[in-house]
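Quick caveat: nothing in here was measured; it's all calculated off a predicted structure. Within every chain, numbering begins at 1; the chains are lettered A, B, ... in the order of the sequence lines, protein sequences first and strands thereafter.
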Amino acid sequence: MVKSRFAPSPTGNLHIGGARTALFNYLYTKHHGGVFVLRIEDTDVERSKDDYVKDILGGLSWLGIHWDEGPYYQMDRMDLYREHAYRLLAEGHAYKCYCTAEMLEEKRKKALKEGGKPHYDRTCRDLLPDDASSEGKPFVIRFRSPVSGEVSFTDLIRGTITFKCEELDDLIIFRTDSTPTYNFTVVVDDALMGITHIVRGDDHINNTPRQILIYEALKYPVPQFAHVPLIHGKDRTRLSKRHGATSLLEYRSDGFLPEALMNYLARLGWAHGDQEIFSQQELIEKFDLPNVGKSPSVFDMDKLTWLNGHYLKTLPAEDIAGRLLPFLQRMGIEASPDGRLVRIVVNLRERARTLKEMAQMAEYFFRDDFAFDETARVKFLTAATRPILVDFAEGLKAIASTDEEESLKALIEGLTKKYNAKPVGIIQPVRVALCGRTVSPGIFEVIAILGKEAVEKRLTRAVESIQ
RNA sequence: GUCCCCAUCGUCUAGCCUGGUCCAGGACACCGGCCUUUCAAGCCGGCAACGGGGGUUCGAAUCCCCCUGGGGACGCCA
């Protein structure tokens with residue numbers, strides 16, 4: 001039975017990188033029919049915030065990642081960590097250290113400057129437990145790491161990775177304020193929760209040997225590890241705020257569909273032959289760790305946008321219409337999810353790449369008093385085109401319904417003859433009169449959706465705008 | 001500085017494990033054409049990569065070594 005987890009710390013929003021790690025965990029687990037756990041690692045009291053927890057949960061839900069267990073909060077599990085730490089202490093796998101943070105910082109700087117390893121010098125490692133001089137002094141608990149030998153593990157993505165124990169530190173597992181640290185809580189929780197597979201960013205490779213040592217000291221079975229490469233920004237460094245590594249939810253408000261984002265994220269670092277489009281179900285069927293690449297990938301907004309356009313075109317129009325509503329609302333347009341809106345979506349989905357764009361394109365379908373695009377107005381609403389618009393309005397009177405495309409075609413054809421113009425010469429002025437811009441769906445569709453009354457009103461308004 | 005990881009078109013990647021079918025395939029972007037009532041979409045075509053050097057082999061993108069380059073980690077953060 002596979003059991004995995006996503007264990008973010010609520011010290012920031014859920015961004016693209018975290019979301020992909022969560023996704024890989026989720027897909028891998030579901031592929032193997034396992035259990036996916038969500039655990040919030042909030043032991044950094046200073047920086048953890050409830051708003052971030054909200055953002056993380058919200059982002060995962062929106063993306064379509066559902067957890068089977070949790071969310072667990074580490075702050076609720078303090079007794080467990082304390083119990084385990086004191087067990088290590090009692091068994092000699094850990095010791096109290098009285099060095100102050102300032103002292104350590106100094107030593108670290110000095111070592112680094114001299115080109116050495118900035119490791120703890122193990123001053124307190126062999127202090128007698130009842131040393132009178134340490135009475136009542138604040139202390140931290142350090143893990144007693146072996147000084148020689150090596151630790152190796154088989155990474156599911158990279159193969160065997162080996163570290164020499166000399167490289168490892170006697171890391172702090174309990175702080176002066178008696179709160180536990182990451183490398184310790186992560187082991188205790190993963191062990192207690194029965195996590196079998198740990199899929200995480202490769203920035204954790206260095207932590208793995210230390211954690212394995214703790215598993216062994218605690219006599220818990222060591223899980224399988226898989227380290228996925230980090231996502232990079234355009235400058236090929238770790239994704240950060242500079243690269244727009246903001247909340248995943250920002251993509252939602254920018255008009256992206258979770259289907260597109262999930263598809264894109266999955267393909268970032270993973271591939272299944274030449275296939276580009278995957279539904280969530282298909283991802284679960286096809287995703288597996290051995291196919292995950294080893295090298296970091298760069299986030300490409302263009303490709304995400306393309307995928308989003310694809311889903312806009314292929315998801316049911318009714319569905320898209322529903323999702324468009326909040327974007328219209330944000331523009332002050334109260335639309336209802338009716339057949340008319342669906343018709344609008346069907347016409348705009350070929351052109352828009354995001355819901356936000358689509359809403360902007362849809363504006364004139366809901367407002368008679370839109371502003372004319374200045375360039376379009378100057379070019380197409382002129383003394384020369386005025387009679388065309390007048391004639392068009394006149395001809396429209398004879399047509400019973402704007403759904404009569406043949407009649408409208410005939411009307412335009414007639415005008416092309418009268419004015420010795422190409423169809424575009426008639427259509428563009430009409431388009432600007434009806435939409436306020438030179439770009440829109442096919443003119444017959446626009447007219448049909450608008451309906452006779454609105455078309456007449458707009459033609460009149462356009463004609464009157466020409467002095 | 002030390003340790004760890006990585007290395008195919010501008011980007012995401014297939015191929016690498018199980019060498020030949022790869023003068024390297026797909027996708028995004030870009031360029032051109034077709035279609036056309038605008039803009040898109042769609043279709044067709046084009047540009048474009050195995051970091052370098054040594055091996056091994058009849059033969060290497062594929063296996064081995066070195067170099068270079070890039071990234072990550074060295075916290076009483078996670």
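- Under 3.5 Å, the side chains of A/T438 and A/R377 contain no donor-acceptor pair of N or O atoms.
- A salt bridge links A/E405 with A/K409: the closest approach of a Lys/Arg side-chain nitrogen to an acidic carboxylate oxygen falls below 4.0 angstrom.
- With sequence neighbours excluded, the residues that form a salt bridge (Lys or Arg N to Asp or Glu O under 4.0 Å) with A/R77 are A/D189.
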Might you list the N or O atoms of the protein lying below 3.5 Å from N or O atoms in nucleotides 19-24 of chain B, with each pair's distance?
none

A correct 5'-to-3' footprint of nucleotides 34-39 of chain B, with B, S and - meaning base, sugar-phosphate only and no protein heavy atom under 4.0 Å, is ---BBB

Identify every side-chain donor-acceptor pair in residues 412-429 of chain A under 3.5 Å, counting partners at least two apart or on other chains, and give the distances.
| residue | atom | partner | partner atom | Å |
| --- | --- | --- | --- | --- |
| A/T416 | OG1 | A/E413 | O | 2.5 |
| A/K418 | NZ | A/D391 | OD2 | 2.6 |
| A/Y419 | OH | A/P387 | O | 3.3 |
| A/Y419 | OH | A/D391 | OD2 | 2.6 |
| A/Q428 | OE1 | A/R431 | NE | 2.6 |

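- Under the side-chain contact (heavy atoms from CB on, under 4.5 Å) criterion, A/K286 pairs with A/W270, A/H272, A/Q275, A/F278, A/E282, sequence neighbours left out.
- Partners of A/M78 according to the side-chain contact (heavy atoms from CB on, under 4.5 Å) rule, which considers only residues two or more places apart in sequence or in another chain, are A/T43, A/M75, A/Y81, A/P180.
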For nucleotides 4-6 of chain B, which of its nitrogen or oxygen atoms have a protein nitrogen or oxygen under 3.5 Å away, and what is each distance?
| residue | atom | partner | partner atom | Å |
| --- | --- | --- | --- | --- |
| B/C5 | O2' | A/R158 | NH1 | 2.5 |

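- Look at CD on A/E167: it is 6 Å from P on B/C3, rounded to the nearest Å.
- The interatomic distance linking A/Y182 (OH) with B/A73 (C1') rounds to 12 Å, in whole Å.
- Within residues 303-313 of chain A, the residues that have a heavy atom under 4.0 Å from RNA chain B are, in order of number, A/K303, A/W306, A/K313.
- Distance from the side chain of A/I172 is smallest for B/C76 among the nucleotides B/A78, B/C12, B/C76.
- The listed nucleotides are B/G72, B/A78, B/C28; the one nearest the side chain of A/R238 is B/G72.
- For A/E105 against B/G75, a side-chain-to-base donor-acceptor contact under 3.5 Å is absent.
- For A/R108, whose side chain is taken as the heavy atoms from C-beta onward, the closest listed nucleotide among B/C76, B/A78, B/C12 is B/C76.
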Could you give the side-chain donor-acceptor pairs of residues 293-306 of chain A under 3.5 Å, partners two or more places apart or in another chain?
| residue | atom | partner | partner atom | Å |
| --- | --- | --- | --- | --- |
| A/D300 | OD1 | A/D302 | N | 3.1 |
| A/K303 | NZ | A/E276 | OE1 | 3.2 |
| A/T305 | OG1 | A/M301 | O | 2.7 |

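- The cationic group of A/R323 does not satisfy the cation-pi geometry with A/F327, failing either the under 6.0 Å distance to the six-membered ring centre or the 45° limit from the ring axis.
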Please tabulate, for the side chains in residues 141-148 of chain A, all donor-acceptor contacts under 3.5 angstrom to protein atoms that are two or more places apart in sequence or on a different chain.
| residue | atom | partner | partner atom | Å |
| --- | --- | --- | --- | --- |
| A/R142 | NH1 | A/D170 | O | 2.6 |
| A/R144 | NE | A/G92 | O | 2.9 |
| A/R144 | NH1 | A/R125 | O | 3.1 |

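- Residues satisfying the side-chain contact (heavy atoms from CB on, under 4.5 Å) criterion with A/R351, sequence neighbours excluded, are A/M361, A/P441.
- With sequence neighbours left out, the side-chain contact (heavy atoms from CB on, under 4.5 Å) criterion links A/Q360 to A/M331, A/K356.
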